[in-house]
**Student:** 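Supplied in structure tokens, the structure appears directly below.
Throughout, protein chains are lettered first and strands after them, A, B, ... in sequence-line order, and every chain is numbered starting at 1.
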2 protein chains.
Amino acid sequence: MDTGKYTGILRENGIKVTPQRLEVLRFLDENRVHPTADDIYRTLKKDNPSLSKTTVYNVLDILSKYGLVEVLTISGTESRYDYGSTRHQHFLCTSCGRIVDIHIKGLCMDCMPEKGHKVEEVHGYFKGTCRDCLKGIGA
Amino acid sequence: MDTGKYTGILRENGIKVTPQRLEVLRFLDENRVHPTADDIYRTLKKDNPSLSKTTVYNVLDILSKYGLVEVLTISGTESRYDYGSTRHQHFLCTSCGRIVDIHIKGLCMDCMPEKGHKVEEVHGYFKGTCRDCLKGIGA
DNA sequence: GTATTACGTTGTAATCATTACAGATTAGGT
DNA sequence: ACCTAATCTGTAATGATTACAACGTAATAC
């Protein structure tokens, strides 16, 4: 497994490198399904039984502070985490619960008409029923 | 106090009229500050000490199901409620916690490029530091 | 090379918003 | 003025997240 990639990312941001941080970062990079903190915890705990959920929250917290992961609040009941911060939006299917990436133009840091506010994050959240659920394929 | 307005709104939507529903609806109409359920509860309890927080949640739930109020999940820690569903977006100041209305064009039900999904809600959430906090006026 | 110090991790115990539930009450039609 | 289903209330549970204190680790100073 190539942990070098993630070691470099952490170092470049001046974040101390630890196995837990590497694992969370790798997991998010390799599982682009907007997992919850608990999803991450349960999966990583398999290979590292001593992992604490508090650590997962701590790691997610620092990674998001440095912009390495994006926190999604689309579901309203729990936070979801997205690797990186490539500019894209999200669609939540209220039937199956999946979150789909949406690529929409015209929603950016500079598109806010009200002047004087300093914009640091932009989130476009769409909700409805996804293609698969409409066809009866989804959950 | 003109409860007639809100009675009409509820009746038009086939929602049974109760004092609690009228009060919540009126409060949201008259206080466009995106309050939390607890804000609503604490304020309305002053004039109606027997009000239950569960009722506030129930009322907000039915009002949002009928599109009479919009649920905002911008803060990530608690839901906030907005009267009506006039098409506008929201800016959360991470310094003072206020949510400011934003009027941006080009973010609508029909602007989603991915085809086949049925879009029922669109939320544009911006985060950063508001004008007042930048000037040192805010909290 | 060891002591010191700062930072990370862990596990448990709180917190806080929200939901579940059961019993009392009420709205709206008859 | 009933009757019945829907609503309201209060308390107890849930579930995500945070607080905190003890322990581990790694770098630095002596």
**Student:** Considering only Ile, Leu, Val, Met, Phe, Trp and Tyr, and joining two whenever side-chain heavy atoms are under 4.5 Å apart, list the other residues clustered with A:Val33.
**Tutor:**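 Members besides A:Val33: none; it forms no cluster.
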
**Student:** Taking only residues two or more places apart in sequence, or in another chain, which ones meet A:Tyr125 in a ring-ring contact (aromatic ring centres under 6.0 Å, His included)?
**Tutor:**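 Here the qualifying residues are A:His123, B:Tyr125.
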
**Student:** Kindly determine whether B:Asp39 and B:Thr36 satisfy side-chain hydrogen bond (donor to acceptor under 3.5 Å, both in side chains), including the steps that lead there.
**Tutor:** CA-CA 5 Å; B:Asp39 291 336; B:Thr36 65; 3.1 Å; yes

**Student:** Measuring from atom CZ of A:Arg26 to atom CD of A:Glu30, what distance do you get when rounded to the nearest 0.5 angstrom?
**Tutor:**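 Going from the CZ atom of A:Arg26 to the CD atom of A:Glu30 covers 4.5 Å.
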
**Student:** Just verifying a value: how many Å separate A:Lys127 NZ and A:Ile99 CD1, rounded to the nearest 0.5 Å?
**Tutor:**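 These two atoms lie 9.5 Å from each other.
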
**Student:** Once you round to the nearest 0.5 Å, how far does CG of B:Asn58 lie from OG of B:Ser52?
**Tutor:**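 Reported to 0.5 Å precision, the distance equals 8.0 Å.
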
**Student:** Among all residues two or more places apart in sequence or in another chain, which pass the ring-ring contact (aromatic ring centres under 6.0 Å, His included) test with A:Phe91?
**Tutor:**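 With sequence neighbours excluded, A:Phe91 shows a ring-ring contact (aromatic ring centres under 6.0 Å, His included) to B:His117, given in chain and number order.
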
**Student:** Give me the bend of the helix from C:dG1-D:dC30 to C:dT30-D:dA1, using the axes of the five pairs at each end, rounded to 10°.
**Tutor:**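 It comes to 30° between the two terminal axes.
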
**Student:** In terms of the nearest nucleotide of DNA chain D, which residue is placed more toward the 5' end: B:Pro49 or B:Arg21?
**Tutor:**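 Whichever sits nearer the 5' end wins; that is B:Arg21.
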
**Student:** Could you pull out all residues at least two apart from B:His103 that satisfy ring-ring contact (aromatic ring centres under 6.0 Å, His included)?
**Tutor:**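 By the ring-ring contact (aromatic ring centres under 6.0 Å, His included) rule, B:His103 matches B:His88.
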
**Student:** For A:Tyr81, which residues count as a ring-ring contact (aromatic ring centres under 6.0 Å, His included) partner, sequence neighbours excluded?
**Tutor:**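 Here no residue qualifies.
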
**Student:** Using whole Å, report how far CD1 of A:Ile62 lies from C1' of C:dA6.
**Tutor:**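 From A:Ile62 CD1 to C:dA6 C1': 14 Å.
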
**Student:** With sequence neighbours excluded, what pairs up with A:Glu114 under the side chain to side chain donor-acceptor pair (under 3.5 Å) test?
**Tutor:**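 Expected list: none.
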
**Student:** For a 4.0 angstrom threshold against heavy atoms of chain A, report the outermost contacting nucleotides of DNA chain D in 5' to 3' order.
**Tutor:**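 Span of nucleotides near chain A: D:dA16 to D:dC20.
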
**Student:** Enumerate all atom pairs, one protein N or O and one N or O from nucleotides 28-30 of chain C, separated by less than 3.5 Å.
**Tutor:**
from, atom 1, to, atom 2, distance (Å)
C:dG28, OP1, B:Val17, N, 3.0

**Student:** Quick one: B:Leu10 CG to C:dA27 P, roughly how many Å, whole number?
**Tutor:**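 Interatomic distance, CG of B:Leu10 to P of C:dA27: 13 Å.
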
**Student:** Anything under 3.5 Å between a donor and an acceptor, one on a side chain of residues 8-19 of chain A, the other on a protein residue two or more places apart or in another chain? List them.
**Tutor:**
from, atom 1, to, atom 2, distance (Å)
A:Asn13, ND2, A:Ile9, O, 2.8
A:Thr18, OG1, A:Arg21, N, 3.2

**Student:** Nearest whole angstrom, please: distance from the P of C:dT10 to the CG of A:Leu44.
**Tutor:**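 Value for this atom pair: 11 Å.
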
**Student:** Taking only N/O atoms, report every protein-nucleotides 17-19 of chain C pair under 3.5 Å with atom names and distance.
**Tutor:**
from, atom 1, to, atom 2, distance (Å)
C:dT18, OP1, B:Ser79, N, 2.8
C:dT18, OP1, B:Ser79, OG, 3.2
C:dT18, OP2, B:Tyr57, OH, 2.5
C:dT18, O5', B:Tyr57, OH, 3.3

**Student:** For the pair made of CG in A:Leu60 and P in C:dT9, what is the distance, rounded to whole Å?
**Tutor:**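 These atoms are roughly 12 Å apart.
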
**Student:** Quick one: is A:Gln20 getting a side-chain N or O under 4.0 Å of the C:dT10 phosphate, OP1 or OP2?
**Tutor:**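 Answer is yes, contact under 4.0 Å.
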
**Student:** Nearest 0.5 Å, please: how far is CG in B:Asn48 from CD in B:Gln20?
**Tutor:**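 Separation between the atoms: 6.0 Å.
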
**Student:** Under the rule for side chain to side chain donor-acceptor pair (under 3.5 Å), what residues qualify as partners of A:Thr77, not counting sequence neighbours?
**Tutor:**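 Expected list: A:Ser75.
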
